[in-house]
Visitor: 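Below is one structure. I have some questions about it.
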2 protein chains.
Amino acid sequence: MDALQHFFKESHNLSKDDLGYLINHFEKVSVSKGTVLFKQGMVVDVVYFVGEGVLHQYNYNEEGEKVTLNLHDGPCFCTNLESFSERKTSQDSCVALTDCTLYILQKEKYDALVNTNVKWSNFVKDVITKTLTKMLNQLKAISNKSIEQRYLDLLKNNPLIIQNASIATIASYLGTSRETLHRIRRKNILV
Amino acid sequence: MDALQHFFKESHNLSKDDLGYLINHFEKVSVSKGTVLFKQGMVVDVVYFVGEGVLHQYNYNEEGEKVTLNLHDGPCFCTNLESFSERKTSQDSCVALTDCTLYILQKEKYDALVNTNVKWSNFVKDVITKTLTKMLNQLKAISNKSIEQRYLDLLKNNPLIIQNASIATIASYLGTSRETLHRIRRKNILV
DNA sequence: CAACAATTGTGTCAAATGACACACTAACAA
DNA sequence: TTGTTAGTGTGTCATTTGACACAATTGTTG
C-alpha cells in the first residue's frame, strides 16, 4: 500500500487510524502491459489509483479514429467518472501501456466510505474538488502553450509517457498530427 | 429564487423542505453590466450561481495578454474554485458582460451546509462530481471539433455570449486569433 | 457637433500545419 | 530464412493560420 499511503499523506492530513481505515477500502493489484482495465460498452464500477505505470485512456470519434483522452502516469486516479458515478455505460476504453501497480476501489466500498459519516463524505468531496481544481489549472496552463512546449514539458515531467506511448498516441493526446509531432521531435533531437 | 430553484429541481431530486433549506443558503442579487465580481489578487470567498446574464472570466498570460478562461451563460455556477476551496488569492478576474441575476453562496454558508450532516455533504459532493463530469464531456466534445464548428455551436446554443462578448474575447475563448474568427464569421454570414 | 477611443473589417504575406505518399526499421510469426 | 505487421522517418504540396498594417465603423465624451 506504499504509493497509495504516500499519496494521501502528502495531499491530505489524516491521522494514522484514519489513513488505515481509508487504505482498507482499496485492493492492491499488479497488472501486465496490455491489460484492459475497462472497455467501451461496460459500466466502470471501480476507481483505479495508479501507483506505478502508464495507462492509455481513449475512445473513437465519428470518423472511427482513436482519440487519446488521457495518458495517466502514476501517482494519480483513473476511472470514467460519469460511468462510475451514474452507472452509465462507458464510451472510453483504458489499457495499460506498461506493467502497473494499481489500487482498486470498488463502487460498493466507495459508497460505504461516503456514507460512513460527514467527515469521510467531506474527505471524498475534497479529493474530488482537488481533482477538479487541478484539471482547471492544467487547462489554464495548456491554453498558453504551443504543442511544442507541451511536448517538451511532457518529456521533462512524464518521461515514462514518452517512452511507452507511440508517437501517434502522443500526437493525438496533444491534439496534433503524427507528422507535426515528428517535426517537433526532429527539431529538438538534442534536448 | 426562481432560476436557482429550477436548476436544483431539474438536476437533483430534493424534497420541498430540502429545497427550501438549500435555497436559504443563497442570497439573490442583481448586478449591472460592467460589475466586477472578483478580481486578480483577492480571495474569492463566494460561489456565484448565474441565473440570467453573461459573465467573463479571464486572466493575463506572461506576455500580458488577456486570456478568456470562461464565458458563463446562466444557468451555471461561477467561482474560482481553487481560491474558494483553499483560500488562495485568485489569478482570475470576472466581470459581468450584461445585467445579471445572481445568487450568492458565501463560504461560511457553504461550510455550514457541508457540515450539516452526511446527506448534505454528499449532496455537495454530487454537485461537484456532476460539474467535473460535465467538464470532461465538454473537453471530449471539443477535441473533435474545429474552431469553426465550435463557433457555430456557440452561436446556436449560447447566442447571448455571441451578442455580448467582443469578437476578440470570443476568439480568445475559442483559442484563435481575432482575424481568424472574423474569417469564420464572414464565411458563415448567412447562418 | 467634433474629437477621440474602441471595435470591427480587410488585404498581404510568411510560417505552420495536415494530408498524402512512400521508404525504412524493428519485432515477431510461420 | 522469409513474410508480415506496426511503427517511425521523410519529402511534397495545398490549406490554414497568425501577425502586421491600415481602413471603416461605432461609441463615447467634452
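Sequence lines set the chain letters: A, B, ... in the order given, protein chains first and strands last, and positions in each chain run from 1.
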Visitor: I want to verify a distance call: between dT17(D), dG11(C), dG18(C), whose nearest atom is closest to the Thr180(B) side chain?
Guide: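 The answer is dT17(D), which lies nearest to the side chain.
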Visitor: Got a sec? Which of residues 165-175 of chain A come in under 4.0 Å of DNA chain C, heavy atoms?
Guide: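 Nucleic-acid contacts, sorted: none.
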Visitor: Per the end-axis method with five pairs at each terminus, what is the bend angle of the helix from dC1(C)-dG30(D) to dA30(C)-dT1(D), to 10°?
Guide: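 Terminal axis comparison yields 30°.
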Visitor: Does Val67(B) have any side chain to side chain contact (heavy atoms under 4.5 Å, CB included) partners at least two apart in sequence or in another chain, and if so, which?
Guide: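 Counting only residues at least two positions away or on another chain, Val67(B) forms a side chain to side chain contact (heavy atoms under 4.5 Å, CB included) with Ser143(A), Asn144(A), Asn59(B), Asn61(B), Ser172(B).
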Visitor: Please check if the distance between the ring centroids of Phe7(A) and Phe49(A) is under 6.0 Å.
Guide: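 Close enough - the centres of the two rings lie under 6.0 Å apart.
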Visitor: Check which hydrophobic residues are tied to Val43(A) through side-chain heavy-atom contacts below 4.5 Å, counting indirect links as well, and list them.
Guide: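 In the cluster with Val43(A) there is nothing else; it is isolated.
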Visitor: Side-chain atoms of residues 156-165 of chain B: list all donor-acceptor pairs with protein atoms under 3.5 Å, sequence neighbours left out, distances to 0.1 Å.
Guide:
{"unit_1": "Asn157(B)", "atom_1": "ND2", "unit_2": "Asp153(B)", "atom_2": "O", "d": "3.2"}
{"unit_1": "Asn158(B)", "atom_1": "ND2", "unit_2": "Asp73(B)", "atom_2": "OD2", "d": "3.1"}
{"unit_1": "Asn164(B)", "atom_1": "ND2", "unit_2": "Leu160(B)", "atom_2": "O", "d": "2.8"}

Visitor: Check whether any side-chain nitrogen or oxygen of His182(B) sits under 4.0 Å from OP1 or OP2 of dT8(C), and answer yes or no.
Guide: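 Checking His182(B) against dT8(C): no side-chain N or O falls below 4.0 Å of OP1 or OP2.
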Visitor: Mind checking side chain to side chain contact (heavy atoms under 4.5 Å, CB included) for Ser166(B) and listing every partner two or more places apart, or none if nothing turns up?
Guide: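 Checked Ser166(B) against side chain to side chain contact (heavy atoms under 4.5 Å, CB included); matches are Ala168(B), Thr169(B).
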Visitor: What residues form a side chain to side chain contact (heavy atoms under 4.5 Å, CB included) with Leu132(B), not counting sequence neighbours?
Guide: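 Expected list: Leu81(A), Ile128(A), Thr131(A), Leu132(A), Met135(A), Leu136(B).
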Visitor: Which atom pairs, donor and acceptor, lie under 3.5 Å between side-chain atoms of residues 117-126 of chain B and protein residues at least two apart or in another chain?
Guide:
{"unit_1": "Asn117(B)", "atom_1": "OD1", "unit_2": "Lys119(B)", "atom_2": "N", "d": "3.0"}
{"unit_1": "Asn117(B)", "atom_1": "OD1", "unit_2": "Trp120(B)", "atom_2": "N", "d": "3.0"}
{"unit_1": "Lys119(B)", "atom_1": "NZ", "unit_2": "Asp18(B)", "atom_2": "OD1", "d": "3.1"}
{"unit_1": "Lys119(B)", "atom_1": "NZ", "unit_2": "Asp18(B)", "atom_2": "OD2", "d": "2.9"}
{"unit_1": "Ser121(B)", "atom_1": "OG", "unit_2": "Ser121(A)", "atom_2": "OG", "d": "2.7"}
{"unit_1": "Ser121(B)", "atom_1": "OG", "unit_2": "Asn122(A)", "atom_2": "N", "d": "3.3"}
{"unit_1": "Ser121(B)", "atom_1": "OG", "unit_2": "Asn122(A)", "atom_2": "OD1", "d": "2.8"}
{"unit_1": "Asn122(B)", "atom_1": "OD1", "unit_2": "Ser121(A)", "atom_2": "OG", "d": "2.8"}
{"unit_1": "Asn122(B)", "atom_1": "ND2", "unit_2": "Val114(A)", "atom_2": "O", "d": "3.1"}
{"unit_1": "Asn122(B)", "atom_1": "ND2", "unit_2": "Asn115(A)", "atom_2": "OD1", "d": "3.2"}
{"unit_1": "Asn122(B)", "atom_1": "ND2", "unit_2": "Val118(B)", "atom_2": "O", "d": "3.3"}

Visitor: Tell me, for nucleotides 19-30 of chain D in 5' to 3' order, what letter each nucleotide earns: B for a base near a protein heavy atom under 4.0 Å, S for only sugar-phosphate near one, - for neither?
Guide: BBB---------
Visitor: Not counting sequence neighbours, which residues clear side chain to side chain contact (heavy atoms under 4.5 Å, CB included) with Asp99(B)? List them please.
Guide: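 For Asp99(B) the side chain to side chain contact (heavy atoms under 4.5 Å, CB included) partners, ignoring immediate neighbours, are Ser32(B), Lys33(B).
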Visitor: Please output the side-chain donor-acceptor pairs of residues 177-184 of chain B that fall under 3.5 Å, not counting sequence neighbours, one pair per line with the distance.
Guide:
{"unit_1": "Ser177(B)", "atom_1": "OG", "unit_2": "Thr180(B)", "atom_2": "N", "d": "3.2"}
{"unit_1": "Ser177(B)", "atom_1": "OG", "unit_2": "Thr180(B)", "atom_2": "OG1", "d": "3.1"}

Visitor: What residues, two or more places apart in sequence or in another chain, satisfy ring-ring contact (aromatic ring centres under 6.0 Å, His included) together with Phe84(A)?
Guide: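 Partners of Phe84(A) by the ring-ring contact (aromatic ring centres under 6.0 Å, His included) criterion, ordered by chain and then number, come out as Tyr110(A).
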